[in-house]
Amino acid sequence: MKNAIIIHGTCDKEEYYSPEYPSASNFHWLPWLQKQFLIKDIAAVTPEMPHGYMPDYKVWKREFERFDITPETILVGHSCGGGFLVRWLSENKNQKVGKVVLVAPWLDPNKRKGEDNNFFDFEMDSELVSRTDGITIFNSDNDDEAIQTSVKKIMDTIPNIKLVDFHNKGHFCLSDLGTEAFPELLGEALNL
């Protein structure tokens with residue numbers, strides 16, 4: 001059975017603990033995308049990764065692997081969630097998955113989350129596209145330099161990734177898009 005796992009990005013500690021913001025897994029376009037998958041009879045989850053302000057790869061990996069991951073599983077990652085998927089797919093060379101969409105993937109090139117954080121200490125597998133139904137990166141021309149650096153590193157290391165460029169969509173957050181709906185993402189995830 002086809003399913004989807006949607007992985008959110010990181011935030012700062014104040015936002016994480018603030019009652020004024022939704023949890024990361026229930027913010028921006030994630031709930032909208034989950035509902036669209038459900039409407040199409042694709043079981044979809046948006047797990048809340050613990051301590052999103054200071055991600056720990058082992059903890060995120062354990063949370064992610066609680067769900068069924070099959071050759072039909074659609075994977076969507078935003079920002080740090082996209083970087084997480086690149087690492088997880090690189091390290092799980094026997095796992096086949098469905099379509100993968102990385103929205104503004106972030107690999108923390110400036111070590112913003114601290115020198116001691118090894119979340120992105122891994123070697124990208126240049127063959128990982130072959131174990132998927134295709135990988136697409138969504139990138140906006142006005143996103144942060146760290147995102148542009150991350151996208152370039154992924155594109156330079158892993159051949160055969162499709163790049164979809166957007167104009168003036170920032171980091172693809174609610175404030176950048178002006179809406180929770182993200183039909184381009186849904187279409188790409190479903191290979192429409």
Side-chain angles (χ1 to χ4, degrees), residues 2-10 29-30 33 37 42 44 49 55 57-58 60-61 64-65 67-113 117-173 176-177 182-192:
K2 191 174 269 195
N3 68 320
I5 306 172
I6 307 163
I7 306 297
H8 63 76
T10 188
W29 43 263
L30 281 77
L33 183 62
F37 284 138
I42 299 171
M49 297 305 198
Y57 180 75
K58 290 179 184 174
W60 281 39
K61 180 179 185 284
F64 177 71
E65 290 176 347
F67 303 97
D68 289 335
I69 304 166
T70 74
E72 292 187 288
T73 301
I74 299 166
L75 299 175
V76 178
H78 180 225
S79 193
C80 184
F84 167 82
L85 291 175
V86 172
R87 178 173 178 176
W88 190 88
L89 290 165
S90 291
E91 293 180 350
N92 290 273
K93 294 182 181 352
N94 294 324
Q95 181 67 58
K96 293 187 183 285
V97 298
K99 182 69 178 189
V100 178
V101 184
L102 310 172
V103 180
W106 179 67
L107 299 174
D108 198 11
N110 302 320
K111 296 282 189 188
R112 194 186 100 202
K113 291 295 179 181
N117 190 336
N118 65 0
F119 197 90
F120 292 115
D121 290 344
F122 73 101
E123 186 175 327
M124 276 189 257
D125 176 12
S126 62
E127 302 296 317
L128 71 85
V129 173
S130 67
R131 299 187 312 275
T132 73
D133 286 344
I135 298 178
T136 301
I137 291 178
F138 279 16
N139 186 51
S140 177
D141 59 3
N142 67 330
D143 205 339
D144 289 344
E145 182 181 329
I147 299 301
Q148 304 303 333
T149 300
S150 297
V151 168
K152 182 174 180 2
K153 183 176 181 181
I154 294 167
M155 296 294 295
D156 287 350
T157 306
I158 305 170
N160 302 316
I161 290 182
K162 177 181 175 182
L163 177 65
V164 178
D165 285 312
F166 289 81
H167 175 65
N168 206 31
K169 297 294 182 188
H171 197 52
F172 299 95
C173 295
D176 300 317
L177 298 175
F182 200 166
E184 300 92 341
L185 176 53
L186 178 64
E188 190 64 33
L190 296 176
N191 286 317
L192 300 176

Close side-chain approach of [X] to [Y], heavy-atom, < 4.5 Å:
X: H171; Y: D144; answer: no
X: K99; Y: L190; answer: no
X: P55; Y: F120; answer: no
X: I7; Y: F64; answer: yes
X: D176; Y: F166; answer: no
X: K2; Y: F37; answer: no

Partners of F182 by ring pair (Phe, Tyr, Trp, His ring centres under 6.0 Å), sequence neighbours excluded?
W29, F138, F172

Who pairs with [X] by side chain to side chain donor-acceptor pair (under 3.5 Å), at least two apart in sequence or on another chain?
X: T70; result: T73
X: N94; result: none
X: N142; result: S140, N168

Hey, could you give me the [atom1]/[atom2] distance between [X] and [Y], rounded to the nearest 0.5 Å?
X: E72; Y: I42; atom1: CD; atom2: CD1; answer: 9.5 Å
X: L107; Y: F84; atom1: CG; atom2: CZ; answer: 13.0 Å
X: I154; Y: L102; atom1: CD1; atom2: CG; answer: 6.0 Å
X: C80; Y: L85; atom1: SG; atom2: CG; answer: 10.0 Å

Heavy-atom pair with the smallest gap, counting every atom of [X] and [Y]:
X: I137; Y: P105; result: CG2-CD, 3.8 Å
X: Q95; Y: W88; result: CG-CH2, 3.5 Å
X: K169; Y: L177; result: CD-CD2, 3.8 Å
X: S79; Y: G9; result: CB-CA, 4.2 Å

Flag, side chain of [X] to backbone of [Y], donor-acceptor distance under 3.5 Å:
X: S90; Y: M124; result: no
X: T132; Y: G134; result: yes
X: N3; Y: D68; result: yes

How would you list, by chain and number, every residue that makes a salt bridge (charged side-chain N to carboxylate O under 4.0 Å, His left out) with [X], sequence neighbours excluded?
X: K61; value: E65
X: K58; value: none
X: D143; value: none

For [X], give me all partners under side chain to side chain contact (heavy atoms under 4.5 Å, CB included), at least two apart in sequence or on another chain.
X: D141; result: H167
X: P71; result: K96
X: E91; result: Y57, R87, F122

Of all pairs that satisfy salt bridge (Lys or Arg N to Asp or Glu O under 4.0 Å), the ones with a partner from residues 130-140, not counting sequence neighbours:
D125-R131

Only distances under 3.5 Å count here; give the side-chain donor-acceptor pairs of residues 157-164 to other protein atoms, sequence neighbours excluded, each with its distance to 0.1 Å.
unit_1: T157; atom_1: OG1; unit_2: K153; atom_2: O; d: 2.7
unit_1: K162; atom_1: NZ; unit_2: E188; atom_2: OE1; d: 3.1
unit_1: K162; atom_1: NZ; unit_2: E188; atom_2: OE2; d: 3.3

For I135, run the side chain to side chain contact (heavy atoms under 4.5 Å, CB included) check against V86, V97, L128 and tell me which one passes.
L128

